[in-house]
Amino acid sequence: MDTKELLKKVRKIEIKTRRLSDHIFSGEYHTSFKGRGMTFSEVRQYQYGDDIRAIDWNVTARYNEPYIKVFEEERELTMMLMVDISGSESFGSKNQFKKDIVTEIAATMAFSATQNNDKIGLILFSDSIELYIPPKKGRSHVLRIIRELIEFQPKSKHTDVSQALKFLSGTQKKKAIVFMISDFMSDDYEQTLKIASKKHDITGIRVYDIREEKMPDLGMVSMTDAETGKTQLINTGSKSVRLNYEKYYQDKVKYFKETFSKSGSGVVNTRVDESYVTKLLGYFKSR
């Protein structure tokens with residue numbers, strides 16, 4: 001892609017996603033995540049109407065009258081975008097690839113964070129860390145993130161969610177708001193997610209295509225696995241072949257939902273032909 005075409009694409013995504021973040025998401029994002037970063041400020045005497053859960057019992061016992069802990073909201077939060085750029089993200093059947101929706105979601109979240117003067121970082125991953133951009137503020141930084149999302153070419157087509165989560169835990173020492181965007185066609189990440197979610201506020205956003213849920217009956221079809229590159233003839237006319245595929249797919253989806261829920265992390269599922277705006281707003285409002 002030449003520079004002119006790339007800049008045109010970046011501008012197009014900026015116009016669309018910035019409008020969404022300005023008018024819809026920035027308020028919802030702030031409401032959903034404010035108070036997540038609270039720092040201890042001081043201890044003062046209890047006043048009528050104060051929340052009794054804030055009472056500092058040690059200080060209260062020392063002075064023989066009630067004192068409460070006062071916390072201040074941290075003004076600056078850090079958002080980490082973790083984006084799967086493996087081969088399966090290039091799948092699409094409704095005139096739009098999964099990676100296009102993933103880019104739009106990531107850009108929208110980045111501009112929402114910018115509205116709150118938060119830092120934004122990016123991790124692009126396959127079965128290894130393909131690119132890491134440390135958290136920074138500002139529009140030019142967000143535009144760089146969008147550029148990378150559009151044009152970055154991964155070295156590997158495979159996926160390893162666990163490796164990405166290990167990298168997150170190793171690089172982000174302070175608490176971050178993390179959006180992991182993937183189709184989550186991976187497994188064995190329960191333990192690493194459990195560790196990462198103890199420190200960070202993590203949300204898994206699963207982006208998928210309707211054609212991935214069921215295999216249509218098309219007879220003998222030559223199929224290429226987007227992640228392995230392996231091509232083979234598949235008899236889609238066989239009911240057992242179709243059922244086995246459906247079970248494999250549903251097992252991965254179930255693992256994603258259960259693993260994220262068990263670790264206390266958020267879950268969003270959005271299909272490429274659905275409105276991710278509606279899905280994200282519903283999620284923010286439910287928090």
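Since we're looking at a predicted model, the values are computed, not measured. The chain is numbered in sequence order, starting from 1. Values below: all heavy atoms of this structure, side chains included; hydrogens, waters and symmetry mates excluded.
- Scanning all heavy atoms of the two residues, the minimum distance from I150 to K99 falls at O-NZ, 4.0 Å.
- Between M180 and V161 there is a side-chain heavy-atom pair separated by less than 4.5 Å.
- Within 6.0 Å of CD1 in I15 there are more than 12 heavy atoms belonging to other residues, nucleotides or ligands.
- Proximity of K9 to E151: side-chain heavy atoms (C-beta onward) are nowhere separated by under 4.5 Å.
- For the residue pair I205 and F184, the shortest heavy atom distance occurs at O-CE1, 3.6 Å.
- The closest side-chain heavy-atom distance from N116 to L77 is not below 4.5 Å.
- Although no hydrogens or angles enter the test, the distance criterion places a donor-acceptor pair under 3.5 Å between the side chain of E130 and the main chain of K155.
- Put simply, the side chain of F256 reaches to within 4.5 Å of the side chain of N269, judged on heavy atoms.
- The ring-ring contact (aromatic ring centres under 6.0 Å, His included) analysis of residues 115-135, with sequence neighbours excluded, yields the pairs Y132-F167.
- Distance alone, capped at 3.5 Å, is enough to place a donor-acceptor pair between the Y245 side chain and the E212 backbone.
- Of the possible polar contacts, none joining the K98 side chain to the V272 backbone as a donor-acceptor pair under 3.5 Å is found.
- Residues satisfying the salt bridge (Lys or Arg N to Asp or Glu O under 4.0 Å) test with K8, not counting sequence neighbours, are none.
- In summary, the side chains of T192 and S162 do present a donor paired with an acceptor at a separation below 3.5 Å, with no hydrogens or angles considered.
- A side-chain donor-acceptor contact under 3.5 Å links D209 to the backbone of R211.
- Side-chain contact between L280 and M109 is present, with at least one heavy-atom pair separated by less than 4.5 Å.
- Here the options are T259, D201, L193, the test is side-chain contact (heavy atoms from CB on, under 4.5 Å), and the partner is S265; only L193 passes.
- Side-chain atoms of E65 never come within 3.5 Å of backbone atoms of Y46 as a donor-acceptor pair (strictly under, hydrogens ignored).
- Across all their heavy atoms, M80 and A176 have their closest contact at CG-CB, 4.2 Å.
- Here the shortest heavy-atom pairing between D183 and R206 reads O-CG, 3.7 Å.
- Residues F152 and V83 are members of one and the same hydrophobic cluster, defined by side-chain heavy-atom contacts under 4.5 angstrom among Ile, Leu, Val, Met, Phe, Trp and Tyr.
- The closest donor-acceptor contact from the side chain of Y255 to the backbone of Y189 lies under 3.5 Å.
- Side-chain contact check for T270 versus I105: some heavy-atom pair is nearer than 4.5 Å.
- At distances below 3.5 Å, at least one donor-acceptor pair connects side-chain atoms of K199 with backbone N or O atoms of Q172.
- For the pair F111 and E14, the minimum side-chain heavy-atom distance is below 4.5 Å.
- Within 6.0 Å of atom NZ in K279, more than 12 heavy atoms from other residues, nucleotides or ligands are found, so the atom counts as buried in its surroundings.
- The shortest side-chain heavy-atom distance between T114 and R139 does not fall under the 4.5 Å cut-off.
- Between I129 and I123, the shortest heavy-atom contact is CD1-CG2, 4.0 Å.
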